[in-house]
Amino acid sequence: MTDVTRDDPIPTAPAAHAPQGSQRGRERIKGVFSTQDVKKVGTGTTTRKTIQKGFWYAEETEKGDVEVQPLNNNYVPSGPKRLISMDELLEKFAPEPEFYVQTVFPRMRELNKTVARADRHRQKGETFSAEYEYGNALQVDDENVRANFGLGLTYLSRGETGKADDIFERLVKLEAAFDEEHKHLFNEFGINLRKNQMFDQAVAYYTRALELTRKDENLHLNMARAMLEKKNFTGTVEHVLKALEINPAIDAGIKFLQWMQAKKLVPAEQQDTVREVLARIAGGGKAPAADDTGGGGS
């Protein structure tokens, strides 16, 4: 799965040189490395070789492989991440500890500080100061997840749905926006989309999240709430049933389905399934697969 910048914590040590072998207890690699790409330009007698040098932020994972991410023109990690083996790092990448310490580390630290200042302004309700600081961060890294979420939430808090929609369009393209580490921001943004009656965006937002994280009952309930606002009752029921299929004990899902039933909002073709599901849950059984409900939601 393609990944993007995740606002890694500020590094606390300079880049380590690549180890010559695995050592138990050693500090994991974190730093800047470079690659060289040799290309031929021109034809015939005018052919010449050019060397393009690329810079990458690399960080060793707990499993022993290495996650690498390109540096952007401002020398901060940005864009898609990919996993490589330690052998590939040793073979194809050259450590650049001085570049990391003198250039990249200070810029990563300053970017994190800028986003942290923006977050504090937003939490205090100082929305224009927050907007200014998030804008500064995005000038350095336009794919910074925290800055994009923060700016979007700032616009939504001011009811500026047009500007928020622009941020929404950017966020749904960033897979890292739906990572576990950003869950609190992800949830807050989705709730505020609905509060600002941006129901189409909310549905698209949760659809994207479900493409990346299918086994999450809370995502299905959030999608159901967005579809309820759009009066798509078939889709609403379908996603509540999917939530209960994943977790039959989720109280919010059970009450949601009971409420739909009491309000007579369950479509005719789904009523038998809803009654069966509620009866099974009441008897301690598991809800049947939601694909059998006949609903078509998204």
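This structure is a prediction, so every number in the text was calculated from the model and none was measured. Only this structure's heavy atoms are used, side chains among them; waters, hydrogens and symmetry mates stay out.
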Could you go through K183 and D216, starting from their C-alpha distance and side-chain angles, then the distance that decides it, and tell me whether this counts as salt bridge (charged side-chain N to carboxylate O under 4.0 Å, His left out)? CA-CA 12 Å; K183 193 166 186 176; D216 187 326; 3.8 Å; yes
What's the verdict on side chain to side chain contact (heavy atoms under 4.5 Å, CB included) for L221 and I250, showing C-alpha distance, side-chain angles and the deciding distance? CA-CA 10 Å; L221 288 181; I250 186 168; 3.5 Å; yes
Verdict with supporting geometry, E276 and R280, salt bridge (charged side-chain N to carboxylate O under 4.0 Å, His left out): CA-CA 6 Å; E276 179 185 353; R280 286 192 185 188; 2.5 Å; yes
CA sep, side-chain torsions, deciding dist, call: D119, Y134, side-chain hydrogen bond (donor to acceptor under 3.5 Å, both in side chains): CA-CA 8 Å; D119 287 343; Y134 286 130; 2.5 Å; yes
Mind running side chain to side chain contact (heavy atoms under 4.5 Å, CB included) on L153 and N192 for me, showing each step along the way? CA-CA 7 Å; L153 288 166; N192 279 276; 3.8 Å; yes
Are L71 and W56 close enough, and set up right, to give a side chain to side chain contact (heavy atoms under 4.5 Å, CB included), and what steps lead you there? CA-CA 5 Å; L71 301 186; W56 306 78; 6.0 Å; no
Evaluate the salt bridge (charged side-chain N to carboxylate O under 4.0 Å, His left out) criterion for residues R170 and D166: first the C-alpha distance (whole Å), next the side-chain angles of each, then the deciding distance (0.1 Å), finally the verdict. CA-CA 7 Å; R170 186 183 301 169; D166 291 338; over 6 Å; no
Apply side chain to side chain contact (heavy atoms under 4.5 Å, CB included) to the pair Y57 and V68, showing each step before the final yes or no. CA-CA 6 Å; Y57 179 73; V68 295; over 6 Å; no
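Residues M108 and P77 form a side-chain contact, since some pair of their non-hydrogen atoms from C-beta on lies under 4.5 Å apart. Residues M227 and Y206 have side chains not in contact (no heavy-atom distance under 4.5 Å, counting atoms from C-beta outward). Within the 4.5 Å cutoff, side-chain heavy atoms of R158 are placed close to those of T154. Between V76 and V104, every side-chain heavy-atom pair lies at or beyond the 4.5 Å cut-off. Looking at E59 and I29, their side chains never come closer than 4.5 Å, going by heavy atoms from C-beta outward. In this structure, the side chains of H184 and N187 stay at 4.5 Å or more apart for every pair of heavy atoms. Annotation: side chain of I84 is not in contact with side chain of K92 (no heavy-atom distance under 4.5 Å). R82 is not listed as a side-chain neighbour of E67, based on a closest heavy-atom distance of 4.5 Å or more.
A donor-acceptor pair is defined here as one N or O able to donate and one able to accept, closer than 3.5 Å; such a pair exists between the side chain of R208 and the backbone of V172. Proximity of a side-chain donor or acceptor of Q271 to a complementary backbone N or O of V266 within less than 3.5 Å is detected. Panel note: side chain N72, backbone V140; a donor-acceptor pair is recorded below 3.5 Å. With hydrogens and angles ignored, the 3.5 Å screen pairs a side-chain donor or acceptor of N247 with a backbone N or O of A249. Between the side chain of N222 and the backbone N or O of N218, at least one donor-acceptor pair lies under 3.5 Å. In this structure, the side chain of R107 engages the main chain of N74 through a donor-acceptor pair within 3.5 Å.
Heavy atoms from other residues, nucleotides or ligands lying under 6.0 Å from CD of E88 number more than 12. No more than 12 heavy atoms of other residues, nucleotides or ligands shown are found within 6.0 angstrom of CG on N73. Within a 6.0 Å radius of CZ in F199, more than 12 heavy atoms belonging to other residues, nucleotides or ligands are found. Within a 6.0 Å sphere centred on OH of Y75, other residues, nucleotides and ligands contribute 12 heavy atoms or fewer.
A tilted orientation is assigned to the rings of H182 and F149, their planes being inclined by 30° to 60°. Ring planes of F168 and Y205: tilted class, angle from 30 to 60°.
The nearest pair of heavy atoms linking P106 to Y100 is CD-O, 3.9 Å. What you find for A137 and A147 is that their closest heavy atoms are CB-CB, 4.0 Å. The nearest pair of heavy atoms linking T127 to S157 is CG2-OG, 3.6 Å. Taking every heavy atom of both residues into account, P267 and V237 meet most closely at CD-CG2, 4.1 Å. Of all heavy-atom pairs between A177 and V145, the closest is CA-CG1, 3.8 Å. Across all non-hydrogen atoms, the minimal contact from L89 to A58 is CD1-CB, 4.4 Å.
The distance from atom CG of N148 to atom CD of E169, rounded to the nearest 0.5 Å, is 12.5 Å. Rounded to the nearest 0.5 Å, atoms CD (Q139) and CG (N144) are 13.0 Å apart. Atom OG1 of residue T234 and atom CD of residue Q270 lie 5.0 Å apart, to the nearest 0.5 angstrom. In this structure, F178 CZ and L185 CG are separated by 12.0 Å, a value rounded to the nearest 0.5 Å. For the atom pair CG of L156 and CD of Q201, the computed distance is 9.5 Å after rounding to the nearest 0.5 Å. The NE2 atom of H220 sits 4.0 Å away from atom CD1 of I246, with the distance rounded to the nearest 0.5 Å.
Electrostatic pairing of E238 and K242 counts as a salt bridge here, judged by a charged N lying under 4.0 Å from a carboxylate O. One finds no salt bridge joining E188 and K195 here, because no Lys/Arg side-chain nitrogen approaches an Asp/Glu carboxylate oxygen to under 4.0 Å. The existence of a salt bridge linking E133 and R120 is excluded, since no basic side-chain nitrogen approaches an acidic carboxylate oxygen closer than 4.0 Å. No salt bridge links E229 with R225; every basic N to acidic carboxylate O contact stays at or beyond 4.0 Å. Salt bridge status for K53 with E96: present, with a side-chain N to carboxylate O gap under 4.0 Å.
Scanning for ring-ring contact (aromatic ring centres under 6.0 Å, His included) contacts around F55 gives F99, with sequence neighbours left out. Listed by chain and residue number, K230 satisfy the side-chain contact (heavy atoms from CB on, under 4.5 Å) test with D200 (two or more places apart in sequence, or in another chain).
Side-chain contact of D141 with S78: a donor-acceptor pair under 3.5 Å is present, judged by distance alone.
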